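The structure appears right after this line, and notes come after that.
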Amino acid sequence: MTSPVDTTERAEVRLRELIARGFQFLHPTDARGELAAVVGVRAHDNVIDVVRLHTEDDAVATRMPADEQNVLAPARFSWRRRGPACSVLDELLELPDDRIA
């Protein structure tokens, strides 16, 4: 069984890997000023990668064309995963940096 501390440390390592790859992170807040999510964005080649971390068990990552109008709710995407943060981050890190054809 993985402890919450282990999960947090694993997620932190993966977030640092994303930063090393060029992701920039935002920390939007709700109306009360509380953290609503951690959002990472990286534009490269002809795609945009976005990851949103709501909780340790609720993360969403998406790869979409660079001309997508709404990166937080894209109408088109080539890849998307939702689930526990560590699993989603692992899959995002495994994506090739190839262009969308």
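Remember, predicted model here, so these are calculated numbers, not experimental data.
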Worksheet item: OG/S78 to CG/N46 distance, rounded to the nearest 0.5 angstrom?
Response: 9.0 Å
Fill in: CA sep, side-chain torsions, deciding dist, call: D58, R82, salt bridge (charged side-chain N to carboxylate O under 4.0 Å, His left out)
CA-CA 7 Å; D58 183 16; R82 176 173 219 137; 3.1 Å; yes
Discussion item. According to side-chain contact (heavy atoms from CB on, under 4.5 Å), who are the partners of E34, at least two apart in sequence or on a separate chain?
Written reply: D30, R32
Worksheet entry | Interatomic spacing from CZ in F25 to CZ in R42 - rounded to 0.5 Å | 10.5 Å
Worksheet item: Transitively linked via ILVMFWY side-chain contacts under 4.5 Å: V38 with L93?
Response: yes
Response to the item:
Residues pairing under side chain to side chain donor-acceptor pair (under 3.5 Å) where one sits in residues 13-29, two or more places apart or in two chains, turn out to be E12-R16, R14-D90
Item to complete: Evaluate side chain to side chain contact (heavy atoms under 4.5 Å, CB included) for R52 paired with L72, printing each intermediate quantity in order.
Response: CA-CA 9 Å; R52 290 180 297 153; L72 295 179; 3.9 Å; yes
Fill in: Those residues that, when tested against D67, pass side-chain hydrogen bond (donor to acceptor under 3.5 Å, both in side chains) (two or more places apart)
R76
Item to complete: Determine whether V39 and P28 make a side-chain contact, defined as any pair of heavy atoms from C-beta on separated by less than 4.5 Å.
Response: yes
Worksheet item: Going through the checks in order, is the side chain to side chain contact (heavy atoms under 4.5 Å, CB included) test met by I48 and V50?
Response: CA-CA 6 Å; I48 300 171; V50 177; 3.8 Å; yes
Worksheet item: For the atom pair CG (D97) and CG (D45), what is the distance rounded to the nearest 0.5 Å?
Response: 7.0 Å
Worksheet item: Any link between L35 and I19 through a network of hydrophobic side chains (Ile, Leu, Val, Met, Phe, Trp, Tyr) touching at under 4.5 Å?
Response: yes
Worksheet item: Under a single-linkage definition using a 4.5 Å side-chain heavy-atom cutoff for Ile, Leu, Val, Met, Phe, Trp and Tyr, are L53 and V71 assigned to the same hydrophobic cluster?
Response: no
Worksheet entry | Straight-line distance of L95 CG to R63 CZ, nearest 0.5 Å | 4.5 Å
Worksheet item: Are W79 and L92 close enough, and set up right, to give a side chain to side chain contact (heavy atoms under 4.5 Å, CB included), and what steps lead you there?
Response: CA-CA 9 Å; W79 177 89; L92 179 58; 4.0 Å; yes
Discussion item. Starting from V88, can I reach V60 by hopping between I/L/V/M/F/W/Y residues whose side chains sit under 4.5 Å apart?
Written reply: no
Fill in: Spacing of R10 atom CZ and C86 atom SG [to the nearest 0.5 Å]
4.0 Å
Worksheet entry | Test side chain to side chain contact (heavy atoms under 4.5 Å, CB included) applied to L89 and V51, step by step | CA-CA 8 Å; L89 294 174; V51 61; 3.9 Å; yes
Worksheet item: Which atom pair, heavy atoms only, marks the closest approach of A59 to A85?
Response: CB-CA, 3.7 Å
